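Just so you know, these numbers come straight off a predicted model, no measurement behind them. In each ligand, atom 1 is the first atom listed, and ligand 1 is the first ligand listed.
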Amino acid sequence: MLSKSLEQAINTQINKELFSEYIYFSMAAYLASIGLEGMENFFIVQAQEEHFHAMKMYHFINERGGRVKLEQIDKPQFDFESPIEIFEIALNHEKFISKSIGELMDLAIKENDHATKSFLNWYVDEQVEEEDSMDTILNKLNLINGQGQGLLSLDKELGARTFIPEEE
Ligand code: OFO
């Protein structure tokens with residue numbers, strides 16, 4: 001059985017994951033509007049992953065006898081200046097999410113809740129990948145100054161990303 005404090009903290013994290021989904025959809029829509037369909041695809045897949053992150057928590061709360069409580073999702077940024085700005089925001093956002101997962105883990109450790117600690121380990125590992133993928137693309141964008149033929153090649157590369165659903 002989940003403690004009330006962990007139940008509330010995981011519910012808050014569900015909201016953050018759904019907000020991540022929202023931000024990445026908004027980024028995808030901006031990228032579509034400037035003709036970068038590969039990057040649009042990258043963020044649509046990213047948004048699907050965020051939904052998956054939220055659903056995994058949804059199931060965990062239910063399995064542990066808790067109650068999922070959904071709150072209002074904040075409005076995401078609508079307009080952006082460039083793909084470089086987008087990946088800078090995405091990287092900073094992922095750092096914020098990593099910190100948040102770390103705080104959740106601190107709470108699970110404090111409460112000696114081994115099942116929640118084990119559950120959260122998946123997110124700790126996932127956040128390493130999340131930050132790395134945004135950072136790698138941002139570095140490439142900076143190398144090509146975010147423009148020209150390099151931008152089009154990177155866009156093509158990111159068009160190949162697909163969402164692979166994992167077991168929840
Ligand atoms: Fe859910 O990892 Fe990104 O935000």
_So Val128 and Val124, do their side chains get closer than 4.5 Å, heavy atoms only?_
no

Quiz item: With a 3.5 Å cut-off and no angle check, do the side chains of His53 and Lys56 form a donor-acceptor pair?
Solution: no

| request: Indicate, with yes or no, if the rings of Phe19 and Phe96 have centres closer together than 6.0 Å. | output: no

Tightest non-hydrogen contact, residues Ile61 and Glu7, listed as CD1-O, 4.3 Å

Could you go through residues 30-39 and list every donor-acceptor pair under 3.5 Å that involves a side-chain atom there, pairing it with any protein atom two or more places apart or in another chain?
from	atom 1	to	atom 2	distance (Å)
Tyr30	OH	Phe80	O	3.4
Tyr30	OH	Glu81	O	3.4
Ser33	OG	Tyr30	O	2.5

In terms of heavy-atom contacts, Pro83 and Leu151 come closest through CG-CD1, 4.4 Å

Within the 2.8 Å cut-off the protein N, O or S neighbours of atom 3 (Fe) of ligand 1 are Glu50 OE2, Glu94 OE1, Glu94 OE2, Glu130 OE1

